[in-house]
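Some notes on the structure that comes next.
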Amino acid sequence: MKKVTLGVSGSIAAYRAADIASGLTKLGLDVQVAMTREATKFIAPLTFHDLTHHPVATDMFVPVQGLGADHISLARGADVILISPCTANLIAKLACGICDDIVSATVLATMAPVILAPAMNTVMYENVITQENLTQLRKRGFTIVEPDYAALPCGEVGRGHIADTERILGAVRMILGRGGELQGRHIVVTAGGTQEPIDAVRHIGNRSSGRMGYALTEALRDRGARVMLIAGPTTLLTPFGVEKIEVREALEMRDRVLEEIPSARAIVMTAAVVDFRPESPSSRKVKRGDFPSTISLVPNPDILNEIKGDVIKVGFAAESEDVVQNAAKKLAWKELDLIVANDISRPDSGFGSDTNQVTLIHKGGKIEKLPLLSKWEVAVEITDRIVELFKERLSL
Ligand code: CTP
């Protein structure tokens, strides 16, 4: 079981650390919490004790029964250290090597990677001193989960609001995934649906939520891959450590994919690309009375089919009938290594649902029907197959 030391410092965002501690334990990690004295004014150590089932360290000079929780054992035992929230004061101390509390002393004494999730008033965050301290820490290998731009409890609106819990957990997952089977592999994932403009406000689109593709970027990142996400419009949060290019139309997605492919080792096309586009979209909003009774459409290029060269190609097939036969035809025509066939006629599978029942069809003819799984579980299964494909393709 991997071990995380969660350091909590004195910010109002300390309450969010409870959520983070809980999220880390749900990821199957062994979590040990250390708090500064100021943090204990915002949230009780008992909260973390109950969430992590470990005693909580709050003072360098007071041993905790059953833990040996001095800064050295906290520092040595950790696979990763996460400080969340991390105040301006703690950032300044870490940048200077000051270690006068259990959290800063643990960081100075560790060889493990350290992640900081800053949270503070905007002016304090934007102050050149804080920014220079963060630059120093980045140079020394610290990972910073940038705070969000939002309304802050002090009444100001600006940058300084602690990042979303999922992004902070994503940073931990990414760091723990370093050295995984996909370490150093550059993988392109497309997600969401494209939108083909009819006029300045209307488009032809589909119901793709993007969730399957986003889950895949996380599963690949967690195994060490460098992931480039090329996504159509969605409201989903970009996972930590995943680079993202936003696109709208199929032609734009094609161009971005073809630009990325020369440096990539694999592409996973989960995107629901609209197969045709209005031939002459209007650049203005067409008035109701002026709308033509027919819109002439032209076909969009098939992106997967245009990708050639030594790269692993994984496609998805959204099918409502003859699922396996139709998907197998796409596998052959698009020269794929693997296709994930999705029966979208089922209410619990495909567009908009949280679950997917998929059949995996391999290039060599092997067919695997997976049970109904969450999209996250499907993403992990597909990632396992991609790891196998890399093992088979030694040239990549
Ligand atoms: N795809 C693509 N370019 C397109 C259309 C689809 O690269 N213009 C990719 C999808 O991302 C998916 C796979 O091809 O990985 C199959 O997409 P799907 O929509 O199921 O099939 P189509 O090839 O579009 O065929 P049809 O819509 O007739 O089923």
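Each ligand, and each atom within it, is numbered from 1 in the order the structure gives.
- Because its NZ or CZ atom is not both nearer than 6.0 Å to the ring centre of F390 and within 45° of the ring axis, R265 does not count as a cation-pi partner of that residue.
- Under 3.5 Å, the side chains of S84 and R16 contain no donor-acceptor pair of N or O atoms.
- Judged by distance alone, with hydrogens and angles left aside, the side-chain atoms of D79 form no donor-acceptor pair with the main-chain N or O of L176 at under 3.5 Å.
- Looking only at distances, no side-chain donor or acceptor of T110 sits under 3.5 Å from a matching main-chain atom of V107.
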From CA spacing to verdict: side-chain contact (heavy atoms from CB on, under 4.5 Å), R202, K285: CA-CA 8 Å; R202 304 174 180 95; K285 182 181 172 204; 3.9 Å; yes
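- A side-chain donor-acceptor contact under 3.5 Å links S104 and D101.
- Contacts of ligand 1 (protein heavy-atom distance under 4.0 Å) are M269, A271, V273, D275, P301, D302, I303, L304, G315, F316, A317, A318, K330, K334.
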